[in-house]
Amino acid sequence: MKTILTGVRPTGNLHLGHYFGALTNWVKLQDEYNSYFEIADVQALTDNFNNPEKVCNNVREVAIDLLSVGINPNKATIFVQSMIPEIAELTVFYSNMVTVPRLFRNPTVKAEVAQKKELFGNDGESITYGFLGYPVSQAADITAFGGELVPVGEDQLPLIEQTREIVRKFNSIYGETLKEPEHLLSEAPRIKGLDGNEKMGKSLGNAIYLNDSEEVINKKVMGAVTDPNKIKKDDPANPDVCMVYYYHKLMSKNDLDTICNECKKGERGCVACKKELVKNMLEFLKDVREKRNYYESHPEEVDKILIEGTNRAKKKAEETMKLVRQNMQLNYFDK
Ligand code: TRP
């Protein structure tokens, strides 16, 4: 069985964008692969080092999100990055395998640097060593556990490429030690926000979270963007430009034709259509929401799962570390 490893930064609850774009795929993959799911709190801190509560609170929240969508701790290993010091150790060794200009050229980093410059209005003085080095740390995340395939979205491809370079460099110097991973792109598309934005995202404020209450879901759906040319309830409209119909397509499979035809003929008001979407969305998320309620009221169980997963992951990282130390000739007293 091949090993997969992927990670998620605990900076907020997971939303439907994650659900469709990644999580449903991860749930499938856990049956086919030896699977590691990392809660990347150290990586989250590279952008949130001055806000430790945020990261801390979201470690458990993200764990609950993962469990609620169906990641099964008996099949897969869910673990917390900061509790595995071997990752930090590897990061230090790998940092010699990559130049600073190469990190600045990494397209993912480059985009984030540009964003920071815009945000902080300076010329990059806010770029920390830790932030610039997060691709190195991500290479350690992957290789510590012998990750062979890394399920990620497009935006992460440059980080996997960076990992591959580090691995090749390491192996060429210290001898065949690490596995060179490959990305595994999920065929699930990125989903749009309720506001019509191409992406659903936390920072865009257009997301429906797995832990949103019924009231919140209702409010968000009621505010969704519909065909701007439809003014009155019985105006015919174009479902193809309507975000409510877009979400119906994702979650209301059975009545789609009816919804589409009624909308086109002006037989369906937007408010009723939105109410129906809320109902279908709640039905669609029923299982997830029930599991979420369960884990929310059993925090000790969540902690136990994280501790056990982390212990299991740590054993694997220790094995890797032993080999790394041996091949780097750092095993002075252990020959
Ligand atoms: N960088 C990833 C993200 O922002 C999260 C992540 C951390 C990750 N470590 C990883 C992804 C290892 C894949 C493999 O989404």
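Both ligands and their constituent atoms are indexed starting at 1 by order of listing. Here the structure is a predicted model, which is why all the values come from computation and not from measurement.
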**Request:** Could you tell me whether some N/O pair between Thr6 and ligand 1 is separated by less than 3.5 angstrom?
**Result:**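 No - when backbone and side-chain N and O of Thr6 are compared with those of ligand 1, no distance drops under 3.5 Å.
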**Asked** Could an N or O of ligand 1 be found under 3.5 Å from any N or O of Tyr134, whether backbone or side chain?
**Response**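 Not met; the criterion fails.
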**Message:** Starting from atom 2 (C) of ligand 1, what is the nearest protein heavy atom, named by residue and atom, and what distance separates them?
**Reply:**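 Nearest protein contact, heavy atoms only, for atom 2 (C) of ligand 1 is Gln156 OE1, 3.2 Å.
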**Asked** Which heavy atom of the protein is the closest neighbour of atom 6 (C) of ligand 1, given with residue, atom name and distance?
**Response**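 Here the nearest protein heavy atom works out to Gln138 OE1, 3.6 Å.
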As an exercise, identify every atom of ligand 1 less than 4.0 angstrom from a heavy atom of [X].
{"X": "Leu5", "value": "12 (C), 14 (C)"}
{"X": "Asp141", "value": "7 (C), 9 (N), 10 (C)"}
{"X": "Ala40", "value": "7 (C)"}
{"X": "Val152", "value": "13 (C)"}

Pair [X] + [Y], salt bridge at N-O below 4.0 Å:
{"X": "Arg325", "Y": "Glu89", "answer": "yes"}
{"X": "Glu276", "Y": "Lys279", "answer": "no"}
{"X": "Lys28", "Y": "Glu32", "answer": "no"}

Side chain [X], main chain [Y], donor-acceptor under 3.5 Å:
{"X": "Asp227", "Y": "Asn238", "value": "yes"}
{"X": "Asp212", "Y": "Ile208", "value": "no"}
{"X": "Lys110", "Y": "Arg105", "value": "no"}
{"X": "Ser35", "Y": "Tyr33", "value": "yes"}

**Request:** Measure from atom 1 (N) of ligand 1 to every heavy atom in His183, Arg9, His18, Gln43 and give the option owning the shortest one.
**Result:**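 That would be Gln43.
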**Prompt:** Which is closest to atom 13 (C) of ligand 1 by heavy-atom distance: Thr11, Val150, Ile87, Asp47?
**Reply:**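 Minimum heavy-atom distance to atom 13 (C) of ligand 1 goes to Val150.
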**Request:** Tell me which part of Gln81 gets within contact of ligand 1: side chain, backbone, both or neither, using heavy atoms under 4.0 Å.
**Result:**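 No part of Gln81 comes within reach of ligand 1.
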